[in-house]
Enquirer: 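One structure coming up, written as structure tokens, with questions to follow.
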Amino acid sequence: MIEVQGLTRRFGPITAVDGISFSARKGDVLGFLGPNGAGKSTAMKILACFLAADSGTAKICGNDILQDPLAVRRSIGYLAENAPAYPEMTVAGFLRFVCDARRIKGAARVDALDRIIPLCSIDSVYHQTIDTLSKGYKRRLGLAQALIHDPQVLILDEPTDGLDPNQKHEVRRLIQQMAKEKCIIVSTHILEEVELVCNRTIIISRGRILADSTPSRLQQDYQGTLEEVFRKITVGKKSA
Amino acid sequence: MNGFCAVFKRELKGYFSTPVAYVFLVIFLFFAGYLPFRDGFFEMRQADLTLFFKALPLLFIFMVPAAAMRLWAEERKTGSIELLLTLPITIPQAVLGKFFAAWAFLTIAQLLTFPLPATVAYLGSPDPGLIAAGYLGAFLMAGGFLAIGSFFSALTKNQVISFILSVAACGILIYAGMPSTLEYLSASVSPALGKIMEALSFQARFDAIQRGVIAARDLAYFLILIAAWIYASTLVLEERKAN
């Protein structure tokens, strides 16, 4: 469902993403791991067609991100870092706006809202303005926005960042629930999360892919916990 | 088209779901009433709105950039631009949706000045064609200023900077066409420069339209100006959205 080939993006002298390639199928929950500034978010922004790549390309559900970015955006659900939304809108108004933009109308809209509101547990804040929501609710609203059109591919940039342990558990449960039917990319720097929800791990540092394997294989290969593996791979490369 | 409609609806509602619209309307309508009266609206003993339309450019120099400054600067500051442009909405659709929503809002503000024409109609028998032409000129000028404001809002994350740059740009376009500026330029620099400035300025076009002369070239001036600044906004956004 996702085919990434040689994706590169520079910001001035800094190469944020340096020729990464990977692919993912339906049923994959792919954990993007890496230190801060490794290029995880940049790569996800390119896949969500927010940023343009300097070179390389990717195909999502058969659509090329350079040739048909609109079709790509239609087929994916994207949760950006910090789950941006419009603070002055109500949750209801915001979801209506997303439905408008995604052409979900009439009965389909009622169905989508009936499905998504309990799924993301946002019923209690449905008429509240987004400004007044806690971080956890904002993140869940971001997820609702990303899931409202039931996309085949989900790209979630640090979906559990800043949430309390219960909320983290909820979001992980949600990801696990959807895993079979979709192809999901999750970026995180919480290692236990990778062990819990991902069946594949890609470790990125300085814009390059340093490891692409399953969490358990990585632990076997490097003989240690995932945290030790992460340190060995990312710190080891930096000093080399 | 869906993207345009979604953005347009959200933006127009957005004005009224925050105090922005109400503060704007109260201040705008206060000055739209105050300025003509200061210049002797009743003392003129003429049943027309010349004084009102004369005061509008000055009012627009400040009020239109105030309505336009948040268009993109706020999206970029809060990061919601990343949400907006990862929905199936193209940049031109988003730019046009926001622009037309703000234009519709400014048109509502202008329509709410109806007590002035109503007063004039009650007291005398004004030329309705002239008043309609005046409003058409004001509508186009608001659109022109708004397109400039949209560009400067796309240029920066900071609403204050966007406001000041737009005020300066709109001010230049108005004051370059004032008779005193044109006389000075023609006399002390070169007559050709005076001609060029007059051709580029809003003022002469707006004056002509509000005198009731609706010439194709004046309409074209406003439409080209709006299209050019809107196009520039899309280019700047494409370039800077992620910065």
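This structure is a prediction, so every number in the text was calculated from the model and none was measured. Chain A is the first sequence line, chain B the second, and so forth, proteins listed ahead of strands; every chain is numbered from 1.
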Enquirer: Could you check which of A:Phe97, A:Tyr86, A:Phe94 has the highest count of heavy-atom pairs closer than 4.5 Å to chain B?
Expert: A:Tyr86
Enquirer: Can you name the closest pair of heavy atoms from B:Ser17 and A:Glu88 and give their distance?
Expert: OG-CG, 3.9 Å
Enquirer: Does B:Tyr175 have more than 12 heavy atoms from other residues, nucleotides or ligands lying within 6.0 Å of its OH?
Expert: no
Enquirer: Whether the side chain of B:Arg10 engages the backbone of A:Arg96 through a donor-acceptor N/O pair (distance < 3.5 Å, no angle test) should be reported.
Expert: no
Enquirer: So for atom CZ, which belongs to A:Arg74, do other residues, nucleotides or ligands contribute more than 12 heavy atoms lying within a distance under 6.0 Å?
Expert: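 It does: A:Arg74 CZ has more than 12 such atoms within range.
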Enquirer: At a 4.5 Å cut-off on heavy atoms, which part of B:Thr18 comes close to chain A: side chain, backbone, both, or neither?
Expert: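 Interface part for B:Thr18: side chain.
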Enquirer: With rounding to the nearest 0.5 angstrom, report the NZ to CG distance, A:Lys45 to B:Leu85.
Expert: 12.0 Å
Enquirer: For atom CZ of B:Phe37, decide whether the heavy atoms of other residues, nucleotides or ligands shown that lie under 6.0 angstrom number more than 12.
Expert: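 It does: B:Phe37 CZ has more than 12 such atoms within range.
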Enquirer: Carefully, step by step, assess B:Glu82 and A:Asp157 under the rule side-chain contact (heavy atoms from CB on, under 4.5 Å).
Expert: CA-CA 12 Å; B:Glu82 195 173 340; A:Asp157 198 350; 5.5 Å; no
Enquirer: What is the minimum heavy-atom distance between A:Leu70 and B:Ile89, and which atoms define it?
Expert: CD2-N, 3.9 Å
Enquirer: If you compare all heavy atoms of A:Asp100 against all heavy atoms of B:Asn2, which two are closest, and at what distance to 0.1 Å?
Expert: O-OD1, 3.4 Å
Enquirer: Select one option (side chain, backbone, both, neither) describing which atoms of B:Glu75 are under 4.5 Å from chain A's heavy atoms.
Expert: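 The answer is the side chain of B:Glu75.
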Enquirer: What residue, out of B:Pro88, B:Gly14, B:Ala6, B:Gly79, has the most heavy-atom pairs lying under 4.5 Å from chain A?
Expert: B:Pro88
Enquirer: Would you compute the distance between atom CG of B:Leu83 and atom OH of A:Tyr78 and round it to the nearest 0.5 angstrom?
Expert: 10.0 Å
Enquirer: Any heavy-atom pair between the side chains of B:Ile81 and A:Phe50 that's under 4.5 Å?
Expert: yes
Enquirer: Rounded at 0.5 Å granularity, tell me how far CG in A:Leu47 sits from OG1 in B:Thr86.
Expert: 12.0 Å
Enquirer: Does OH belonging to B:Tyr231 count more than 12 external heavy atoms closer than 6.0 Å?
Expert: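 Open: at most 12 neighbouring heavy atoms sit under 6.0 Å from OH of B:Tyr231.
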Enquirer: Is it the backbone or the side chain of A:Ala85 that comes under 4.5 Å from a heavy atom of chain B, or both, or neither?
Expert: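 Backbone only.
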Enquirer: Around atom CZ of B:Phe24, are there more than 12 heavy atoms from other residues, nucleotides or ligands closer than 6.0 Å?
Expert: yes
